[in-house]
There are 2 protein chains.
Amino acid sequence: MQETSTLGTKSKPDSEPPLLSRLRQMIVTGAVQPGDLLAETALAQDFDVSRTPIREALKQLEREGLVEVRARVGTFVRKPTQREIHEMFELKESFEGLAAGLLARRGPVPELQQLRENVARSQEAVKNDDSELYSHLVHEFHSTLVAGADNRKLSEHYDLLMNQLAYHRIVSQTLSMPGRLQNSVKEHQAIIDAISSKDPLAAELVMRRHVASSGQSAVLAALHADDIDQPG
Amino acid sequence: MQETSTLGTKSKPDSEPPLLSRLRQMIVTGAVQPGDLLAETALAQDFDVSRTPIREALKQLEREGLVEVRARVGTFVRKPTQREIHEMFELKESFEGLAAGLLARRGPVPELQQLRENVARSQEAVKNDDSELYSHLVHEFHSTLVAGADNRKLSEHYDLLMNQLAYHRIVSQTLSMPGRLQNSVKEHQAIIDAISSKDPLAAELVMRRHVASSGQSAVLAALHADDIDQPG
DNA sequence: CTAGCATTTCTTGCATGCAACAAATCAAAG
DNA sequence: CTTTGATTTGTTGCATGCAAGAAATGCTAG
C-alpha cells in the first residue's frame with residue numbers, strides 16, 4: 001500500500017513539517033501499532049535527519065494524543081482507552097452536529113453537490129457489496145460535511161479528534177455490521193435533505209442521531225476488538 | 001500580581017512541563033502582548049535553562065495557536081483574527097451545550113451544589129457592582145460546568161479553545177456591557193434548573209442560547225478593542 | 001532451578017556549537 | 001534629503017555530545 005494519502009485528513013496546507021505528517025500517517029494508518037516503540041535514534045536514521053527534528057515531531061504527536069513519551073524509557077504508539085473512545089464519540093456527535101447546522105445556515109453551499117454525488121456512489125457501493133469503497137465514501141461524506149461548515153477552528157479540532165480515533169481499525173470495522181450500511185445511506189440522504197431545506201435544527205438533529213447510532217456500533221466494535229487483542 | 005493561577009484552566013494534573021505552563025500563563029494573562037517577540041535565547045536566560053526545552057515549549061504553544069513561529073525571524077505572541085474569534089465562539093457554544101446536556105444526563109451531579117453557590121455569590125457581586133469578582137465567578141461557572149460533564153476529552157478541547165480565546169481581554173470586557181450582568185445571572189440559574197430537572201435537551205438549549213448571546217457581545221467587544229489597538 | 005544483584009544496554013533530557021537566513025543598520029552615491 | 005547597497009546583528013534550524021535513568025541481561029549464590 002503505497003499511497004495512503006487519499007484517506008488522510010489534511011485541511012492544513014500551510015506548511016506543516018513533512019516529518020510530522022509522515023509520522024502521523026504511520027500511526028493513523030496502522031503502519032505502526034499501538035505499543036510499538038518509536039525510538040528517536042532509529043527514526044532519525046530512517047528519515048536521514050538528526051534526533052532534534054524527530055524529537056520535536058514526537059512531542060507534537062504526544063500532544064495530539066497519538067503517542068506517549070515516557071521519560072528515559074521510550075516513545076510508544078498510544079491506544080485510546082475504551083472510555084476515551086466513548087468520550088470522543090460524544091465529541092464527534094457534537095462537532096458534526098454543529099457542522100450540519102452551520103451548513104444549513106450558509107447561503108450557497110457548494111459542497112452540497114459533492115455530498116449528493118457521494119450518496120449516489122455510496123448506493124452503488126452498497127449494491128455491489130464493496131465495503132472497502134463504502135468505508136472510504138463514508139469518511140469522505142463526513143469530512144466534506146465538516147469542511148463545508150466553513151469554520152477552520154472547527155476543522156482543526158475535528159481533525160485532532162479523528163486522528164486520535166484512529167480512523168481505520170475503529171471506524172472501518174463499524175460499517176461491516178449487518179444492516180447498518182443501508183440505514184447509513186438513508187441517513188446521509190436525510191442529512192442532505194435537511195441542509196437543502198435550510199433547516200439548521202433539523203440538520204443538526206438528524207446528523208447527531210446518525211453519529212450517535214454509528215458511535216454505539218463503533219464503541220461495541222472497539223470493545224470486541226479489545227477482546228481479541230488483549231484477553232487480559 | 002503574583003498568583004495568576006486562580007484563573008488558569010488546569011485540568012491537566014498529569015505532569016505537564018512547568019516551562020510550558022509558565023509560558024502559556026504569560027500569554028493568556030497578558031503578561032506578554034500580541035506581537036511581542038519571544039526569543040529563545042532570552043527566555044533561556046530568564047528561565048535558566050538551555051534553548052532546547054524553551055524551543056520545545058514554544059513549538060507546543062504554536063500548535064495551541066498562542067504563538068507564531070516564523071522561521072529564522074522569531075516567535076511572536078499571536079492575536080486571533082476577528083474571524084477566528086467568531087469561529088471559536090461557535091465552538092464554545094457547542095462545547096458548553098454538550099456539557100450541559102451531559103450534566104443533565106448524569107445521575108448524581110456533585111457539581112450542582114457548587115454551581116448553585118456560584119450563582120448566589122454572583123448575585124451578591126452584581127448587587128455590589130463588583131465587576132471584577134463577577135468576571136471571575138462567570139469563568140468559574142462555565143469552567144465548573146464543563147468539568148462536571150465528566151468527559152476529559154471534552155475538557156481538553158475546551159481548555160485549548162479557552163486559552164486561545166485569551167480569557168482576559170476578550171471575555172472580561174464582555175461583561176461590562178450594561179444590563180448583561182443581571183440577565184447573565186438569571187440565565188445561569190435557568191441552566192441549573194434545567195440540569196436539576198434532568199432535562200438534557202432543555203439544558204443544552206438554554207446553555208447554548210446563553211453562550212450565543214454572550215458571544216455576540218464578546219465579538220463586538222473584540223471588534224471595538226481592535227479599533228483602539230490598531231486604527232489600521 | 002530459582003532468586004537476587006551487578007552490569008550492560010538502550011532510551012530520552014538537555015546543553016551547546018554552527019549554519020542559514022531575515023531584517024535592521026549604516027554608509028555612500030546621486 | 002532620498003535611495004541604494006553592503007554589512008552587521010539577531011533569530012531560528014539542525015547536528016551532536018554527554019548525562020541521567022530505566023530496563024533488560026547475565027552472573028552468582030543458594
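Worth knowing before you read on, the calculation uses all heavy atoms, side chains too, and leaves out hydrogens, waters and symmetry mates. Source: prediction; values computed, not measured. Chain A is the first sequence line, chain B the second, and so forth, proteins listed ahead of strands; every chain is numbered from 1.
Non-hydrogen atoms lying under 4.0 Å from DNA chain C are contributed by B/Val49, B/Ser50, B/Arg51, all within residues 32-51 of chain B.
Dashed line: the shortest gap from a side-chain N or O of B/Arg70 to OP1 or OP2 of C/dA23 is under 4.0 Å.
Closest to the B/Arg55 side chain, of the nucleotides D/dA22, D/dT12, C/dA15, is D/dT12. Proximity note for A/Val69 (side chain, C-beta onward) versus C/dT12, D/dG13, C/dC14: the nearest is C/dT12. Closest to the side chain of A/Val73, out of D/dT12, D/dA22, C/dC14, is D/dA22.
No hydrogens or angles considered: nothing links the side chains of B/Glu111 and B/Thr144 as a donor-acceptor pair under 3.5 Å.
Look at CD on A/Glu56: it is 7 Å from P on D/dG13, rounded to the nearest Å. Between B/Phe76 atom CZ and D/dG10 atom P there is a gap of 14 Å when expressed in whole angstrom units. Between B/Leu19 atom CG and C/dG13 atom P there is a gap of 13 Å when expressed in whole angstrom units. Look at CG on A/Leu20: it is 16 Å from C1' on D/dG13, rounded to the nearest Å. The CG-C1' distance, from A/Leu58 to D/dC14, rounds to 16 Å in whole Å. Regarding A/Arg72, its CZ atom lies at a distance of 11 Å from the P atom of C/dT12, rounded to whole Å. Per the geometry, CD belonging to A/Glu68 stands 13 Å off P belonging to C/dT12, to the nearest Å.
The nearest heavy atom of DNA chain D to A/Thr52 and to B/Thr75 marks one nucleotide each, and the one closer to the 5' end goes with B/Thr75.
Taking the screw axis at each terminus of the helix from C/dC1-D/dG30 to C/dG30-D/dC1 from five consecutive base pairs, the angle between the two is 10° to within rounding of 10 degrees.
When the side-chain contact (heavy atoms from CB on, under 4.5 Å) test is applied to B/Glu87, the partners found at least two apart in sequence or on another chain are A/Asn151, A/Arg152, A/Lys153, B/Arg83.
Using modelled atom types, one side-chain atom of A/Arg106 and one backbone atom of A/Gly148 make a donor-acceptor pair closer than 3.5 Å. With A/Ser94 contributing its side chain and A/Glu90 its backbone, the two residues share no donor-acceptor pair below 3.5 Å. Remark: the backbone N or O of B/Ser131 is not paired with any side-chain donor or acceptor of B/Ser135 at under 3.5 angstrom. Side-chain N or O atoms of B/Asn163 include none that pairs as donor or acceptor with a backbone N or O of B/Val28 at under 3.5 Å.
For the pair A/Glu68 and A/Arg78, the salt-bridge criterion is not met [side-chain N within less than 4.0 Å of a carboxylate O].
Aromatic rings from B/Phe95 and A/Phe95 are positioned such that their centres are separated by under 6.0 Å.
Annotation for B/Glu132: atom CD does not count as buried by contact number, only 12 or fewer foreign heavy atoms lying within 6.0 Å.
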